[in-house]
*Asks:* 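First the structure, then my questions, so here it is.
Just so you know, these numbers come straight off a predicted model, no measurement behind them. Only this structure's heavy atoms are used, side chains among them; waters, hydrogens and symmetry mates stay out. Order of listing sets the numbers, starting from 1, for every ligand and every atom in it.
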Amino acid sequence: MSFILQGIGVSGGITIGHAHLAAPAALEVVHYLIPKNQVSKEIIRLDNAFASVRKEFKLLQSTVTSGPALAEFSAFIDLHQMILDDPTLSEATRNSILQTHCNAEWALTQQMDVLLEQFEAIEDAYLRERKTDVVQVVERVLKALLGHPGYLPPASKNLGDSILVAHDLSPADMMQYKQHQFTAFLTDMGSLTSHTAIVARSLNIPSVVALHYARQLILEDDCLIVDGNRGIVIVNPDKYVLDEYRLRKSQIELEKRKLKRIKTVAAVTLDGEAIDLYANIELPEDLDQVKESGATGIGLFRSEFLFLNRDDLPSEDEQFEAYRYVATRMRGKPVTIRTFDLGADKNLKGTSQVAANPALGLRAIRLSLTEPQMFLAQLRAILRASKYGQIRILVPMLSNVSEINQTLHLIESAKQDLRAEKIAFDENIQVGGMIEIPAAALCLEIFMKKVDFLSIGTNDLIQYTLAVDRVDDTVAHLYDPLHPAILWLVSRVIQTANRAKMPVAICGEMAGDIQFTRLLLGLGLKQFSMYPAQLLTVKNQILKSYLPDIIPLAHKTIKTDNPEKILGLLAKLNS
Ligand code: PEP
Ligand code: MG
């Protein structure tokens, strides 16, 4: 049966391929085959995961030694222990790996499905409810398995034209998929500027999120057309639709090839204004794409991605190597390293989110300042790497001037230690502030006294100004970059910085969205930082823009409070 699903397109382009369903447990897993000679190793991996959960249960038991909760808690752990030890879970999973040579995660979730079906048939309501416990135990074992490198198919495995269909993916999950060759991503959950979407965009393949029922309605191996521009998924299309999309796909590819011609052309408007086009990266591996894009610098290195999907923290030396590699490969072009922005939707392994409002909680610089050892290790690594290129430090989520004061103090103390150890670094390293909280935008002048440059994080600025959670698709329709309050704040920051001759960039997703390019140029923006795949499209728009025409229209746009008029003016700007 053919049908269409509508979601939010977060990464453009068209893919035609076959569905590959992520497993139904809360932790998404994929299916792959284990080479025959590795099957016994896979079983050992499974056994180790069961053993480590057994240990977890022992530890949990020992944490509650008295009090009213003891009896209830013990009964709960005993029940989970029983499920864990039940051969219908472990033995059957083992047999399935032996017989079908599939990966442990897949075998386990398949067996979980079998058990859940059996529970469904039980008449006793209490026992039927124990389904949740089975899922929780399986999730624990899956978590233990995920700590092992075997979680995903080997990076070299050819996944053909597979399109991953998942209920939800965290930014950390998405990072794992970075090395795998899925040709598109579909999720039920998600929104345009969630970090999961940002990573999907950096993969440069079509992705659609907020599809709500994709995981339920799409079957393994269904033929899919994913249109990332329109946020549409066509399931089992007929021949005519397929032909139409094949044509569109080849047109898009042709356009992309044509754009490559301007890779080395300077980004200058028709009236001669030079614009800096920088790239956003998550890992040093993204540099190949940066080179392809012709970016003249890194405007945002989201360094926290070095901290995800691992059991330990990256050491100072490991971070130094990563930063040095990027600085060296960028050959003297600016490399803006944002200090780790952990918290909210990007958490260290094993530190699941407990705060009621994580986006308003201990995130980014707030977290860094509560973990001075971890923060100092990063600052030392950045400073040491600054000898190898033009590195700049960018501080995320500033809301209070004391945060920048404390950060500058820590940078100074790291510098002093390095001097004492006779380790070279760039004495004049620049420190910038991210303007992504309305308080910082409103009190900009105070922050400007402390920093060398500014970068506007529109993703968070929109979230915090409009009180719209950027990862919650139920309020995605309220997440509006064209809200008068956003336009006013963005324009205020750009103009205040320009007047003071302080460099200011936008590194949020607005910078890479071509519908805003002229508006931002007209407001005086000279530095744009975006995901590399979008850079040439934005450059093309800049090459066709004439500031004397654009500036009055842009200013008219920010003075208007009527949403329809704003859209009309935007259309005029882009015509
Ligand atoms: C932003 O908030 O706009 C930004 C660039 O940072 P991040 O998306 O990583 O929060
Ligand atoms: Mg941000």
*Asks:* Please check if any side-chain donor atom of E282 sits under 3.5 Å from a side-chain acceptor atom of H195, or the reverse.
*Replies:*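 E282 vs H195: no donor-acceptor pair found between side chains.
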*Asks:* Give a yes/no verdict on whether any heavy atom in E282 is under 4.0 Å from an atom of ligand 1.
*Replies:*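 Outside the 4.0 Å threshold, so no.
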*Asks:* For ligand 1, is there an N or O atom under 3.5 Å from any N or O atom of E304?
*Replies:*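 Such a contact does not occur with ligand 1.
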*Asks:* So which of D341, I404, I411 actually passes side chain to side chain contact (heavy atoms under 4.5 Å, CB included) with V395?
*Replies:*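 Looking at D341, I404, I411, the match for V395 under the side chain to side chain contact (heavy atoms under 4.5 Å, CB included) is I404.
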*Asks:* List-wise, which protein N, O or S atoms are found short of 2.8 Å from the Mg ion (ligand 2)?
*Replies:*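 Those protein N, O or S atoms (cut-off: under 2.8 Å from the Mg ion (ligand 2)) are E436 OE1, D460 OD2.
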*Asks:* Considering the heavy atoms of R363, write down every atom of ligand 1 situated less than 4.0 Å from one of them.
*Replies:*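 Heavy-atom distances to R363 below 4.0 Å select 10 (O).
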*Asks:* So between R470, M510, M397, whose heavy atom ends up nearest atom 10 (O) of ligand 1?
*Replies:*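 Selected option, by shortest heavy-atom distance: R470.
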*Asks:* Does ligand 1 have an atom that lies less than 4.0 angstrom from a heavy atom of Q463?
*Replies:*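 Under 4.0 Å: no for Q463.
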*Asks:* Would you please classify the geometry between the F375 ring and the F340 ring as parallel, tilted or perpendicular, with 30° and 60° separating the classes?
*Replies:*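 Plane angle over 60°, so perpendicular.
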*Asks:* Could you tell me whether the side chain of I198 reaches within less than 4.5 Å of the side chain of R201, counting heavy atoms only?
*Replies:*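 R201 vs I198: side chains touch.
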*Asks:* Go through ligand 1 atom by atom and flag the ones less than 4.0 Å from a non-hydrogen atom of D460.
*Replies:*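 Here the atoms of ligand 1 in question are 1 (C), 2 (O), 3 (O), 10 (O).
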*Asks:* Assess the residue pair I566 and L487 against the criterion (side chain to side chain contact (heavy atoms under 4.5 Å, CB included)); give the C-alpha distance rounded to whole Å, side-chain angles, the decisive distance to 0.1 Å, and a yes or no.
*Replies:* CA-CA 10 Å; I566 291 179; L487 296 182; 4.2 Å; yes
*Asks:* Whether the side chain of T196 engages the backbone of L169 through a donor-acceptor N/O pair (distance < 3.5 Å, no angle test) should be reported.
*Replies:*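 At least one qualifying donor-acceptor pair exists.
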*Asks:* Can you pull out every side chain to side chain donor-acceptor pair (under 3.5 Å) where at least one residue sits in residues 447-469? Sequence neighbours excluded, please.
*Replies:*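 Listed by first then second residue: R363-D460, R363-Y464, N405-K450, D460-Q463, D460-R470.
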